[in-house]
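Take a look at the structure below.
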Protein chains: 2
Amino acid sequence: MNAVFKALADPTRRRVLELLREQPMTAGQLAEHFPVSRPTMSAHFTVLREADLIEARKIGTSITYQLKLSVLEDVLLGFAQVFGIGSSERAAGDVSDDARSQLHQAGRSR
Amino acid sequence: MNAVFKALADPTRRRVLELLREQPMTAGQLAEHFPVSRPTMSAHFTVLREADLIEARKIGTSITYQLKLSVLEDVLLGFAQVFGIGSSERAAGDVSDDARSQLHQAGRSR
DNA sequence: CACCAATTTAGCCATTCCTCGAAATAACCC
DNA sequence: GGGTTATTTCGAGGAATGGCTAAATTGGTG
């Protein structure tokens, strides 16, 4: 999960995921969309792969990357849920019990 | 938006946001929840503030931070939407070239 | 086998990031 | 004013990140 957020921190990588949303593409095809070198793109693919956000499949001499949408979905939805985002829930103080548990060692401020 | 994802890339900062979801807290109260120094926490607050994810209000000698949930919500939902996540939509090919925004000039590869 | 095409690995450099202790601010209190 | 508290700014170190070129790898083809 931390790996996913780290992966999402770079604009190039986010864009790669977006391109991959439409259809699987080879490393070369993806690289054509960006103004950086192939090795640099390769490094980005590695980050995405290690975050389990994409999957590589070798076809002949080229490598096709495919988006693992469910992984992205799980992380995004899971995180959003913590904040009551997207679930038409208003959340903010309703988790009362939970809120208290985090403040127990905070009393001594002044 | 890039700033938001950069801010979310660090576990400490994500946790700060979670703590702030329950209620506004002072810098000191927040710092008590983490095993790092105050200056380090202050740096994290700066990143979150520059991403517009939190808001600072000075009260006497201390500074209270408050989560700007709507900003987080907009970014998360906006990004998820590009992938058809969370909207019970299956999407795949509809947002086609709309996703351009961040990296334009791409054509020239070799 | 020799050659070409697609990708990755290796090595390097510059920048950014996370962390710290020490010092500077800012606001309060006696 | 002097002292204390809360927080930030400063300066620095070490690790991670993103970029490149050159070289290695892998697979297909004449």
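Because the structure is predicted, anything quoted here is derived from the model rather than measured. Throughout, a chain's letter reflects where its sequence line sits, starting with A, and its residues are numbered from 1.
- Considering only residues two or more places apart in sequence or on other chains, B:A80 meets the side-chain contact (heavy atoms from CB on, under 4.5 Å) condition with A:L76, B:I85.
- With sequence neighbours left out, the side chain to side chain donor-acceptor pair (under 3.5 Å) criterion links A:D74 to no other residue.
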Would you list the protein and nucleotides 19-22 of chain C atom pairs, both N or O, that sit under 3.5 Å from each other?
unit_1	atom_1	unit_2	atom_2	d
C:dT19	OP2	B:H44	NE2	2.6
C:dC20	OP2	B:S37	N	2.7
C:dC20	OP2	B:S37	OG	2.8
C:dC20	OP2	B:T40	OG1	2.6

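- Here B:R15 pairs with B:E18 in a salt bridge; the nearest charged N to carboxylate O distance falls below 4.0 Å.
- Protein atom CD of B:Q29 is 14 Å distant from nucleotide atom C1' of D:dT5, rounded to whole Å.
- Per the geometry, CZ belonging to A:F45 stands 14 Å off P belonging to D:dG18, to the nearest Å.
- When the shell of 6.0 Å around CD of A:Q81 is examined, it contains 12 or fewer heavy atoms from other residues, nucleotides or ligands.
- Phosphate proximity of C:dT8 to A:Y65: present, with a side-chain N or O under 4.0 Å from OP1 or OP2.
- Axis deviation across the helix from C:dC1-D:dG30 to C:dC30-D:dG1 amounts to 0°, comparing end segments of five pairs, rounded to 10 degrees.
- When distances are taken from the side chain of A:R13 to each of D:dG18, D:dT8, C:dC17, the shortest belongs to D:dG18.
- The nearest whole Å value for the distance from the CG atom in B:L48 to the C1' atom in D:dT7 is 16 Å.
- Sequence neighbours left out, the pairs with a member in residues 49-70 of chain B that pass salt bridge (charged side-chain N to carboxylate O under 4.0 Å, His left out) are B:D52-B:K68.
- Remark: C1' of C:dC17 and CZ of B:F5 are 19 Å apart, rounded to the nearest angstrom.
- B:L48 contributes atom CG, which lies 8.5 Å from atom CE of B:M41 (distance to the nearest 0.5 angstrom).
- For the segment residues 52-64 of chain A, the set of residues with a heavy atom within less than 4.0 Å of an atom of DNA chain C comprises A:T61, A:S62, A:I63, in numerical order.
- Residue B:P11 comes nearest to A:N2 through the heavy atom pair CG-OD1, 3.5 Å, listed as atom of the first residue, atom of the second, then distance.
- Applying the ring-ring contact (aromatic ring centres under 6.0 Å, His included) test to residues at least two apart or on different chains, the pairs with a partner in residues 57-80 of chain B are B:F5-B:F79, B:F45-B:Y65, B:F79-B:F83.
- The side-chain contact (heavy atoms from CB on, under 4.5 Å) check on B:S37 picks up B:P39, B:T40, with sequence neighbours excluded.
- B:F34 comes within contact range of no nucleotide atom at all, as no heavy-atom separation falls under 4.0 Å.
- A donor-acceptor distance shorter than 3.5 angstrom exists from the side chain of B:R21 to the backbone of A:V82, with no hydrogens or angles considered.
- Residues satisfying the side-chain contact (heavy atoms from CB on, under 4.5 Å) test with B:S62, not counting sequence neighbours, are B:T26.
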